[in-house]
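One-based numbering, in listed order, for ligands and for the atoms of each.
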Amino acid sequence: MIFDVVTIFPEFFTSILEHGVLKRGRAGGQIEVRLHDLRDSTDDRHHTVDDRPFGGGPGMVFKPEPVFRAVEAIREEAAGEPLRVVLLTPQGRLLTQAVAEELAREKRLVLIAARYEGVDERVAEHLATEELSIGDYVLPGGELAAAVVMEAVTRLVPGVLGNEESRAQDSFAGAEGGSQGAARGILDCPHYTRPAEFRDWKVPEVLLSGNHEDVRRWRRRQAIEKTWRQRPDLLANTHLSQEDAKILEEIQQAAHEPKL
Ligand code: ADE
């Protein structure tokens, strides 16, 4: 999978490309990241990428010409391959695990990271195939958002993690019904490692029992309970199996019983 990142700060990505999943994916040849300095697509002496907004107001706006030029050069090089062009912006649709799974099926993704107050709307209308937001907050630029997209997508590209099962059990896994995770569209269960006792805090007994079925049920219950407490909105949007619905009912009942 090729990521083409259009940015005025290519050096921003130096460190993340050398760590973790992006480093692995690049070393293993599953992914390639191409950084495109937007200033290389300008044609004036000062390499101007931004200008004042029509109608007035604070801040600067990315000019359309360099962005179009940069993406059209990538398009030409991709020679007719289908290309998704993603504009990172708080105005986009929200990045969820389901969206990451969808993007991970692509061969090539262009990510446009803007700075300042935004990008000339003609980029969103006539160049980008979609707008994507990584959350309902405003960052000073799209670079971190592009990095988030690359990390979330790359770990789903087959062969990068080497442990396909661990992804199936992620929080939100199977959000689209794609993976058959232990937890479909809900949060992950808690995890523990050695020591079995740390500062008087013991690891739940069941995890040391060696009884796989008990462990499975405990994890399931924990995942459902955590989701119900922290993110009830996720439960409303997911289809629970009969077993899970029963577990949820028990959790809710227990929560309403007075503690002795
Ligand atoms: N650029 C600025 N804020 C952003 C956000 N929340 N998501 C994606 N790109 C952004």
*Ignoring hydrogens and angles, tell me if any N or O in the side chain of S133 forms a donor-acceptor pair with the backbone of Q91 under 3.5 Å.*
no
*For ligand 1, find out whether one of its N or O atoms is nearer than 3.5 Å to an N or O atom of V138.*
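Min N/O separation from ligand 1 is not below 3.5 Å for V138.
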*Of all the heavy atoms in G141, does at least one lie under 4.0 Å from an atom in ligand 1?*
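Contact present.
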*Mind checking whether L132 has a heavy atom under 4.0 Å from ligand 1?*
yes
Between [X] and [Y], does at least one N-O distance fall below 4.0 Å, as a salt bridge requires?
| X | Y | result |
| --- | --- | --- |
| E102 | R93 | yes |
| R122 | D120 | yes |
| R105 | E101 | no |

*With a 4.5 Å limit on heavy-atom distance, are the side chains of I8 and F62 in contact?*
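They are in side-chain contact.
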*Indicate yes or no: at least one non-hydrogen side-chain atom of E106 is less than 4.5 angstrom from one of V153.*
no
Checking a contact table here: which protein heavy atom is nearest [atom], and how many Å away?
| atom | value |
| --- | --- |
| atom 7 (N) of ligand 1 | I134 N, 3.0 Å |
| atom 6 (N) of ligand 1 | Y137 O, 2.8 Å |
| atom 9 (N) of ligand 1 | T89 N, 3.2 Å |
| atom 4 (C) of ligand 1 | P90 CD, 3.5 Å |

Show the atoms of ligand 1 that are less than 4.0 angstrom away from any heavy atom in [X].
| X | value |
| --- | --- |
| L139 | 2 (C), 3 (N) |
| A145 | 8 (C), 9 (N) |
| L88 | 8 (C), 9 (N) |

*Relative to each other, are the rings of W218 and Y192 parallel, tilted or perpendicular (30° and 60° limits)?*
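Geometry flag for Y192 against W218: tilted rings.
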